[in-house]
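Each remark here refers to the structure printed beneath this line.
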Protein chains: 2
Amino acid sequence: MRKRSRKRVSRPASEALVFSFLSAADAVEARLEAALDPTGLSLAKLAVLQFLAEAKEALPLSDLAARQHCVRSNITQLVDRLEKDGLVRRRAAADDRRSVLAELTPAGQQAHAKGMRALADAQRAIVKALKAGEATSLQNALSALTS
Amino acid sequence: MRKRSRKRVSRPASEALVFSFLSAADAVEARLEAALDPTGLSLAKLAVLQFLAEAKEALPLSDLAARQHCVRSNITQLVDRLEKDGLVRRRAAADDRRSVLAELTPAGQQAHAKGMRALADAQRAIVKALKAGEATSLQNALSALTS
DNA sequence: GATTGATTGTTCATTGGTGAACTATCGGAC
DNA sequence: GTCCGATAGTTCACCAATGAACAATCAATC
């Protein structure tokens, strides 16, 4: 489950908000990860399956890296593990001999479905924990933070 | 800088809030980590230095693990790296021969001071990005999420 | 005083990330 | 047609974290 424990370096009041924020995010992430636990998937793995499923076709690894917003070497390793799990297969691309395509196996499709169901449940539970009003104010705060 | 790229598995409106939240947290964390970059420290390392500095004495590694909310093996490795950086020293405990104490070196004290300054600046900048009203509503949302 | 159980730190394997270096291939420009 | 720069994937070393297994030590309890 790989908890990603938060450090809360500083104490003071206003600045502490930043670490509360990060700490809350870790808690949420841990909750999602825990929800996926029975499926044997992680968020990282499920994301790859989801990209493959929504594309409805095999995708080049660099494509996956772009969608995942991560470096290519990370995808190489993720796909290594997914392949070992039997959820994904590597295939050569017809047009470009540099390219390697990843495609879902039947087991991968099933894992994807199961994982997305578990994830959706967990997401709903978390969102429900925020009363309607707070959800929108959170959304404002969020956009202020990311800008 | 170790960006912790967010996956945004799902698209739908309300549930997507959860991933926006995680994504915003990653952005904030990346910003803090970037602010620490010139000091050569990471959040994880700075947190250890901070615990040692605020304790004003050498601390057993298991103590650090407790404060960091992480497993002991993680601290072993973190202190390994900090020791290699020359910021921390391992020392035997007088009373308990199982215990290993970590203490700040002079370089460690300086790095701590510099790191905390950089961190505080970055925190202030981030908090300022949230107008006063949104800060409190965020705080409410936060407590709703963690409960 | 010996045994038994908890605690301390380390090591190892695994997950998930980064970035640099390398090979192979692809496409143009010339 | 050849050369040269961009692109694709892998490998490697590193950072950060987890959890299991292990040796050493401590603390009771008998």
Side-chain angles (χ1 to χ4, degrees), chain A residues 1-7 9 22-23 26 29-30 32-34 36-37 40-48 58-85 87-88 90-102, chain B residues 1-7 9 22-23 25-26 29-30 32-34 36-37 40-48 58-66 68-85 87-88 90-102:
Chain A
M1 218 235 298
R2 304 197 61 275
K3 231 197 10 198
R4 179 161 253 25
S5 64
R6 190 47 53 200
K7 287 104 210 172
V9 170
L22 295 185
S23 172
D26 284 343
E29 186 168 357
L32 295 181
E33 214 87 53
L36 287 182
D37 225 37
L41 291 172
S42 60
L43 279 176
K45 285 179 177 177
L46 180 54
V48 170
L59 293 176
L61 299 201
S62 44
D63 203 322
L64 286 174
R67 297 181 197 227
Q68 192 92 308
H69 302 302
C70 72
V71 297
R72 295 195 311 283
S73 60
N74 190 24
I75 294 296
T76 296
Q77 296 168 25
L78 252 174
V79 170
D80 282 351
R81 291 192 291 270
L82 284 168
E83 212 168 17
K84 207 181 314 180
D85 293 344
L87 305 181
V88 149
R90 270 186 173 87
R91 212 218 308 151
D95 46 324
D96 189 338
R97 280 195 300 172
R98 293 169 300 180
S99 191
V100 174
L101 305 182
Chain B
M1 218 235 298
R2 305 196 60 273
K3 233 199 9 199
R4 180 162 256 19
S5 64
R6 190 49 52 200
K7 288 105 210 171
V9 170
L22 295 186
S23 173
D26 284 344
E29 185 168 356
L32 295 182
E33 213 87 52
L36 286 181
D37 224 37
L41 291 172
S42 59
L43 280 176
K45 285 180 176 176
L46 180 55
V48 170
L59 294 177
L61 299 202
S62 44
D63 202 320
L64 285 175
Q68 193 92 306
H69 303 303
C70 72
V71 296
R72 296 194 310 284
S73 60
N74 190 25
I75 294 296
T76 296
Q77 297 169 27
L78 253 172
V79 170
D80 283 350
R81 290 191 291 271
L82 284 167
E83 213 170 15
K84 206 181 313 179
D85 295 343
L87 305 181
V88 150
R90 271 185 172 88
R91 211 214 313 148
D95 47 323
D96 188 339
R97 279 196 299 172
R98 293 169 301 181
S99 192
V100 175
L101 304 182

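Throughout, a chain's letter reflects where its sequence line sits, starting with A, and its residues are numbered from 1.
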- Message: I'd like to know whether B:Leu46 forms a side-chain contact (heavy atoms from CB on, under 4.5 Å) with B:Leu36, so could you lay out the CA-CA distance, the side-chain angles of the two residues, the decisive distance to 0.1 Å, and finally the verdict.
- Response: CA-CA 9 Å; B:Leu46 180 55; B:Leu36 286 181; 3.9 Å; yes

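Taking atom CG of residue B:Asp85 and atom C1' of nucleotide D:dC15, one finds them 11 Å apart after rounding to whole Å. Between the CD atom of B:Gln68 and the P atom of C:dG9 there is a distance of 15 Å, rounded to whole Å. The CG atom of B:Asp80 sits 12 Å away from the P atom of C:dC12 (whole-angstrom rounding). Between the CD atom of B:Gln77 and the P atom of C:dT15 there is a distance of 16 Å, given to the nearest Å.
Partners of B:Arg97 under the side-chain hydrogen bond (donor to acceptor under 3.5 Å, both in side chains) rule, at least two apart in sequence or in another chain, do not exist in this structure. A:Arg98 meets the salt bridge (charged side-chain N to carboxylate O under 4.0 Å, His left out) test with A:Asp96; sequence neighbours excluded. With sequence neighbours excluded, the residues satisfying side-chain contact (heavy atoms from CB on, under 4.5 Å) with A:Ala102 are A:Leu52, A:Leu61, A:Leu64, A:Val88.
Rounding to the nearest 0.5 angstrom, the gap separating the CG atom in A:Asp63 from the CD atom in A:Gln68 is 11.5 Å.
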Protein and nucleotides 3-7 of chain C: nitrogen or oxygen contacts under 3.5 angstrom:
{"from": "C:dT7", "atom 1": "O2", "to": "B:Arg98", "atom 2": "NH1", "distance (Å)": "2.7"}

Can you tabulate the close N/O pairs, meaning under 3.5 Å, that link protein atoms to atoms of nucleotides 20-22 of chain D?
none

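Residue B:Arg81 places at least one side-chain N or O closer than 4.0 Å to OP1 or OP2 of D:dA16. When the side-chain nitrogen and oxygen atoms of B:Asn74 are compared with OP1 and OP2 of D:dA16, none of them lie within a distance under 4.0 Å. At D:dC26, one or more side-chain N or O atoms of B:Arg97 fall inside 4.0 Å of OP1 or OP2 (strictly under the cut-off).
Looking only at side-chain heavy atoms (C-beta outward), B:Leu78 and B:Lys45 come within less than 4.5 Å of each other. With contacts defined as side-chain heavy-atom distances shorter than 4.5 Å, the pair B:Leu22/A:Leu32 qualifies. A:Cys70 has its side chain within reach of A:Ile75: a pair of non-hydrogen atoms, C-beta onward, lies under 4.5 Å apart. Using a 4.5 Å heavy-atom threshold, the side chains of B:Val100 and B:Pro60 count as separate.
Of the candidates D:dT11, C:dG16, D:dA17, the closest approach to any side-chain atom of A:Ser42 belongs to C:dG16. Closest to the A:Leu61 side chain, of the nucleotides C:dC26, D:dG9, C:dG19, is D:dG9. In the set D:dT25, D:dA17, C:dG9, D:dT25 carries the atom at the smallest distance from any side-chain atom of B:Asp96. Side chain of B:Ser99, nearest nucleotide from C:dG9, C:dC12, D:dG9: C:dG9. Side-chain proximity of A:Cys70 to D:dA16, C:dT18, C:dG16: nearest is C:dT18.
At the heavy-atom level, B:Val100 lies under 4.0 Å from the strands shown only through sugar-phosphate atoms. Using a 4.0 Å heavy-atom distance criterion, A:Ile75 is classed as making no nucleic acid contact. Residue-level contact check: B:Lys45 touches the backbone only, with heavy atoms under 4.0 Å from sugar-phosphate atoms and none from bases.
Residue pairs meeting the salt bridge (charged side-chain N to carboxylate O under 4.0 Å, His left out) criterion with at least one partner in residues 69-83 of chain B, sequence neighbours excluded, are B:Asp80-B:Arg90, B:Glu83-B:Arg90.
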